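This chain uses plain numbering: 1 for the first residue, then up along the sequence. Values in this document were obtained by computation on a predicted structure and should not be read as measured data.
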Amino acid sequence: MNKFLIYFSLLFLLLPACSNLDEKVYDQIEADRFYTTDEQITNALARIYAQLRSEANHQGYAGEKGWYDLNEVTTDELMIPARGASWQDGGVWMQLYRHNWTPSHNFLGGTWEWLYQAIIDCNTALEVFNASQSGEQYIAEARVLRSFFYFLLLDGWGNVPVITDRATPLSETSQSTRSEVFAFVEKELRENVPLLGDAKESLYGRFNQAAGYSLLAKLYLNAEVYTGTNRWADALEACNKVEELGYDLHNDYFALFGDECPTDEVILAIPIDPVLAPKMIYEFRTLAYEHGQAYGISSWNGACVHENFLRKYANGDIRKNQWIYGEPVEVNGQVVKNGNGGDLVYQPSIASLENAGTYEGARNLKFSFERAPYNGNSGGNDFPVFRFADVLLMRAECALRLNDELQAVSDLNRVRQRAGLPPFSGTLTPGELLDERARELCWEGWRRQDLIRLGKFGTAHDFMPGSHNHFELFPIAETTLANNPGLTQNKGY
């Protein structure tokens with residue numbers, strides 16, 4: 001695979017990016033004298049892919065205080081309670097979990113700016129690719145990448161500006177409706193995904209056809225939320241395209257979250273290296289201080305899950321083993337001691353969101369240090385964006401909506417079999433598929449979207465009293481509105 005080529009391309013291109021999105025962005029290199037070789041074009045694309053794991057202000061797709069936390073901490077599968085003075089942070093984590101954020105929440109503006117900076121990078125690359133007559137596959141890849149970032153904006157904010165050139169200042173743009181943004185993303189994907197390469201290993205960490213069809217399936221799966229009209233049949237067709245490209249379930253669930261994702265199942269991964277291309281912080285953020293010290297790192301004792309989420313797992317489900325609780329913690333065969341000298345044991349119950357106990361809450365080992373190298377600042381686990389288990393569960397949901405329960409159960413059982421569970425019995429419901437998605441995909445960034453689609457996002461659960469449906473969209477940040485008074489705030493804010 002070309003994983004380390006990706007790292008070095010990222011290092012080469014991680015120059016200071018334009019953070020003032022009100023200014024025009026120009027290159028200093030003449031278009032007709034650059035991007036004429038595959039290597040140069042790949043390096044140009046690497047600048048865009050670097051946005052997925054950008055360290056700037058902890059943003060990026062799989063970073064902290066950005067897209068990932070807006071889509072996980074707002075749900076029942078990731079909680080960051082305050083523990084004494086730790087994790088108070090002005091209440092930002094509690095606001096997300098309880099659905100009482102406002103336009104002044106400090107994750108919102110940074111995430112919006114990150115997404116539009118990535119779009120500007122795509123537009124810049126496309127302008128130069130077109131001017132230098134680069135191959136249609138590279139142009140298609142940049143357009144699909146841009147569609148991915150617009151998909152995130154469509155999902156999070158709804159009515160957003162659509163910019164397709166690098167010269168238009170963001171402060172002078174108006175919003176398209178959510179349906180118009182949907183139509184733009186759909187058109188871009190349908191035109192360009194067939195032009196992408198279909199390789200797995202040589203396109204590791206990049207959009208190939210299967211990744212493009214996975215994104216299209218996500219778009220259609222949530223079409224009723226975005227436009228008011230369901231597109232179940234189109235979503236199912238996109239899922240079929242992925243399977244036709246030769247993907248299947250990997251035999252080892254936990255191998256999916258290691259140093260390098262197996263490409264028989266993982267369709268698109270974000271390559272992470274603890275030194276060359278950090279940061280993977282999810283293990284740092286979940287482990288108690290003494291637990292991290294046993295690995296030789298400074299952990300943060302924060303992210304966890306309440307015991308009610310654990311009840312979704314049946315006994316014998318191997319995926320339950322990603323949660324650690326109830327037994328003394330061991331590292332390298334040695335029991336880890338807590339701050340009082342006793343055995344470190346995580347308790348699944350959590351007494352309070354405002355002041356949880358030091359060792360309360362089950363901790364997640366999906367991105368375990370034992371499966372990837374790490375240093376004092378980052379783990380080395382690659383992050384899976386799209387994988388075939390998700391595609392199977394999307395197809396199962398579509399089939400069920402289209403009254404093909406036989407196909408739905410068949411796809412569900414493929415996922416259950418890998419998890420060590422017996423075939424599903426009884427009447428399959430969308431709610432059961434929602435729970436299966438939680439068991440399979442927890443902490444992978446899809447929970448908020450799934451809950452909204454199934455009408456469960458505002459449902460009360462542990463320490464979350466329930467919320468109004470306007471919280472299904474994020475507000476436009478105060479700073480963003482100040483920079484562009486022509487934007488209209490989302491309803492309810």
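- Of the possible donor and acceptor atoms, one in the side chain of Y49 sits under 3.5 Å from a partner among the backbone N and O of F207.
- A donor-acceptor pair shorter than 3.5 Å can be found between the side chains of Q322 and N364.
- A distance-only check finds a donor-acceptor pair linking the side chain of W443 to the backbone of E77 [under 3.5 Å].
- Counted by atom type alone, S179 and T177 present zero donor-acceptor pairs between their side chains at under 3.5 Å.
- Every residue two or more places apart in sequence or in another chain that forms a ring-ring contact (aromatic ring centres under 6.0 Å, His included) with F471 is listed here: W101, Y493.
- Residues V162 and E180 form no side-chain contact, since every pair of their non-hydrogen atoms from C-beta on lies 4.5 Å or further apart.
- In this structure D450 satisfies the salt bridge (Lys or Arg N to Asp or Glu O under 4.0 Å) test together with R437, R453, sequence neighbours excluded.
- A donor-acceptor pair under 3.5 Å is absent between the side-chain atoms of Q51 and the main chain of L115, judged by distance alone.
- Residues satisfying the side chain to side chain donor-acceptor pair (under 3.5 Å) test with N381, not counting sequence neighbours, are none.
- Aromatic ring pairs are classed by plane angle as parallel below 30°, tilted from 30° to 60° and perpendicular above 60°; the pair F367 and Y282 is tilted.
- Taking the six-membered ring where the residue is Trp, H468 and H470 present tilted rings, their angle falling between 30° and 60°.
- Put simply, the side chain of S214 does not reach to within 4.5 Å of the side chain of L268, judged on heavy atoms.
- A heavy-atom distance below 4.5 Å is found between the side chains of L392 and L249.
- Remark: E432 engages F424, L428, T429, E436, R439 in a side-chain contact (heavy atoms from CB on, under 4.5 Å) (not counting sequence neighbours).
- With sequence neighbours excluded, the residues forming a side-chain contact (heavy atoms from CB on, under 4.5 Å) with A255 are H250, D252, listed by chain and number.
- Residues passing the salt bridge (Lys or Arg N to Asp or Glu O under 4.0 Å) test with D317 are R319, sequence neighbours excluded.
- Using modelled atom types, one finds no donor on one side chain facing an acceptor on the other under 3.5 Å when comparing R166 with N123.
- A donor-acceptor pair is defined here as one N or O able to donate and one able to accept, closer than 3.5 Å; no such pair exists between the side chain of R178 and the backbone of T227.
- Between E440 and R387, at least one side-chain nitrogen of the basic residue sits less than 4.0 Å from a carboxylate oxygen of the acidic one, meeting the salt-bridge criterion.
- With sequence neighbours left out, the ring-ring contact (aromatic ring centres under 6.0 Å, His included) criterion links F184 to Y150.
- Residues F254 and S368 are not in side-chain contact: their nearest non-hydrogen atoms beyond the backbone lie 4.5 Å or more apart.
- Inter-residue side-chain proximity for I476 and V160 is flagged as unmet; no heavy-atom pair is nearer than 4.5 Å.
- One finds a salt bridge joining R285 and D69 here, because a Lys/Arg side-chain nitrogen approaches an Asp/Glu carboxylate oxygen to under 4.0 Å.
- Every residue meeting the ring-ring contact (aromatic ring centres under 6.0 Å, His included) condition with F107, not counting sequence neighbours, appears here in chain and number order: W93, H105.
- Although no hydrogens or angles enter the test, the distance criterion places a donor-acceptor pair under 3.5 Å between the side chain of R448 and the main chain of E472.
- The list of salt bridge (Lys or Arg N to Asp or Glu O under 4.0 Å) pairs with a residue in residues 229-242, not counting sequence neighbours, reads E186-R231, R231-D234.
- Within the 6.0 Å centre-distance limit, the rings of H99 and F457 are counted as a close aromatic pair.
- With rounding to the nearest 0.5 angstrom, the CG atom of D89 is 8.5 Å from the CD1 atom of I80.
- Every ring-ring contact (aromatic ring centres under 6.0 Å, His included) that F463 has, sequence neighbours left out, goes to H306.
- Applying the salt bridge (Lys or Arg N to Asp or Glu O under 4.0 Å) rule to pairs touching residues 215-226 yields K218-D390, sequence neighbours excluded.
- Residue pairs meeting the ring pair (Phe, Tyr, Trp, His ring centres under 6.0 Å) criterion with at least one member in residues 151-178, sequence neighbours excluded: W112-W157, W157-F474.
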